[in-house]
Q: 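The structure is given below, and queries will be raised subsequently.
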Amino acid sequence: MKVLMVNGSSNLKGCTFTALTEVGMALEKQGIDYEIFQLGPKPIRDCIGCGKCHEGKCIFNDDDVNRFVEMAQEADGFIFGSPVYYAHPSGRLLSFLDRAFYCSTTSPKNPFNFKPAAAVVSARRGGTTASFDVINKYFTIAMMPIVASSYWNMVHGNSPEEVKQDAEGLQTMRNIGVNMAWMLKNIEAGKNSGVSLPEVERTHRTNFIR
Ligand SMILES: Cc1cc2nc3c(=O)[nH]c(=O)nc-3n(C[C@H](O)[C@H](O)[C@H](O)COP(=O)(O)O)c2cc1C
């Protein structure tokens, strides 16, 4: 089983990466693989709401969104990590996730539904829980069970060295890994004993109430 993580910072080896790596090491101890998908510093387009997503693909092919959505099909769980910018997740992560999640609704097999997920945020000081809330909202609209930890999923630091001194933050990261592994094994065990995925209603899209 494999967890696909996203580093929503353009700093390839920064604080968010350090936090995600701590989760990853805990996952590996439980026998679960992981990969960190780097958004990097290159431009990422915003969703333009054109509605032309087709079969789980965005019309824009000049960044990594479609590649990520393809990889997501094979993943069993997700962690989305972000630095805190002015008390919200990075703009690049939000642009990326808006398009990845919106185009996935047109996919014959949505790559996110029913797969467990967790958000991770990194800040020097403030804006962590607001940022954490924003990322969690992608999960709850996509029927993704949320993996919890022993505190809200944050680390504090302005550099990886500072993050490594945040003992409780790192403990929180390790506990995400342990709990994610536990949830994945439970889902697998359920599948093996005949528990199928839920059949949910998808017929109503009520834009306003008369
Ligand atoms: C544009 C910008 C805005 C920031 N806003 C905040 C903020 O609101 N609160 C905070 O605590 N840190 C803020 N920071 C600091 C980063 O969140 C913090 O250093 C983070 O750990 C960096 O993660 P990274 O190394 O993965 O990029 C900001 C940094 C930048 C570049």
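Atoms within a ligand are numbered from 1 in the order they appear, just like the ligands themselves.
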Q: Would Phe68 and Phe96 count as a close aromatic pair, with their ring centres under 6.0 Å?
A: yes
Q: Do Pro89 and Val84 come close enough that some side-chain heavy atom pair is under 4.5 Å?
A: no
Q: Under a 4.0 angstrom heavy-atom cut-off, which atoms of ligand 1 come close to Arg125?
A: 10 (C), 11 (O)
Q: State whether the number of non-hydrogen atoms from other residues, nucleotides or ligands found under 6.0 Å of Phe114 atom CZ is greater than 12.
A: yes
Q: Just let me know how Asn11 lines up against ligand 1, side chain, backbone, both or neither, with a heavy-atom cut-off below 4.0 Å.
A: side chain
Q: Strictly distance-based, threshold 3.5 Å: is any side-chain N or O of Asp76 a donor or acceptor partner for the main-chain N or O of Lys2?
A: yes
Q: If the threshold is 4.0 Å, N to carboxylate O, is there a salt bridge linking Arg174 and Glu22?
A: yes
Q: Below 3.5 Å, N or O to N or O, backbone or side chain included: is there any such pair between Phe17 and ligand 1?
A: no
Q: For atom 18 (C) of ligand 1, state which one of Gly157, Gly91, Ala19 supplies the nearest heavy atom.
A: Gly157
Q: Let me see the working for Glu70 and Lys57 under salt bridge (Lys or Arg N to Asp or Glu O under 4.0 Å), right down to the final yes or no.
A: CA-CA 9 Å; Glu70 260 175 46; Lys57 286 209 163 51; 3.7 Å; yes
Q: Give the numbers and elements of all ligand 1 atoms closer than 4.0 Å to a heavy atom of Thr16.
A: 23 (O), 24 (P), 26 (O)
Q: Can a donor-acceptor pair be found, under 3.5 Å and without considering hydrogens, that links the side chain of Lys115 to the backbone of Ala75?
A: yes
Q: Give the residue, atom name and distance (to 0.1 Å) of the protein heavy atom nearest atom 2 (C) of ligand 1.
A: Tyr85 CD2, 3.5 Å
Q: So which atom in Met144 and which in Phe112 form the shortest heavy-atom distance, rounded to 0.1 Å?
A: CG-O, 3.2 Å
Q: Looking at every heavy atom in both Leu39 and Leu93, which two are closest together, and how far apart are they?
A: CD1-CA, 3.9 Å
Q: Tell me: protein heavy atom nearest atom 20 (C) of ligand 1, and distance?
A: Ser122 O, 3.5 Å
Q: Is the closest heavy atom of Gly127 to ligand 1 under 4.0 Å?
A: no
Q: Note the single closest protein heavy atom to atom 5 (N) of ligand 1, along with its residue, its atom name and the distance in Å.
A: Tyr86 N, 2.9 Å
Q: Around atom 4 (C) of ligand 1, find the nearest protein heavy atom and jot down its residue, atom name and distance.
A: Val84 O, 3.3 Å
Q: List ligand 1 atoms under 4.0 Å from Gly126, heavy atoms only on the residue side.
A: 7 (C), 8 (O), 9 (N), 10 (C), 11 (O)
Q: Would you confirm whether Ser82, through its side chain, and Ser90, through its main-chain N or O, come within 3.5 Å as a donor-acceptor pair?
A: yes
Q: For ligand 1, indicate whether the residue Ala87 contacts it via side chain, backbone, both or neither (heavy-atom separation under 4.0 Å).
A: backbone
Q: Please check whether Asn7 reaches ligand 1 - meaning an N/O of the residue sits under 3.5 Å from an N/O of the ligand, judged on distance alone.
A: no
Q: Mark up the atoms of ligand 1 that fall under 4.0 Å of a heavy atom belonging to Asn158, in ascending order.
A: 15 (C), 18 (C), 19 (O)
Q: Quick test: of every protein heavy atom, which one is nearest to atom 25 (O) of ligand 1, and how far off is it to 0.1 Å?
A: Cys15 N, 2.8 Å
Q: Measure the distance from atom 22 (C) of ligand 1 to every protein heavy atom, then report the residue, atom name and distance (to 0.1 Å) of the closest one.
A: Pro83 CB, 3.8 Å
Q: Counting only heavy atoms not in Lys185 (residues, nucleotides, ligands), do more than 12 fall under 6.0 Å from its NZ?
A: yes
Q: In terms of residue, atom name and distance, what is the protein heavy atom nearest to atom 12 (N) of ligand 1?
A: Arg124 N, 3.3 Å
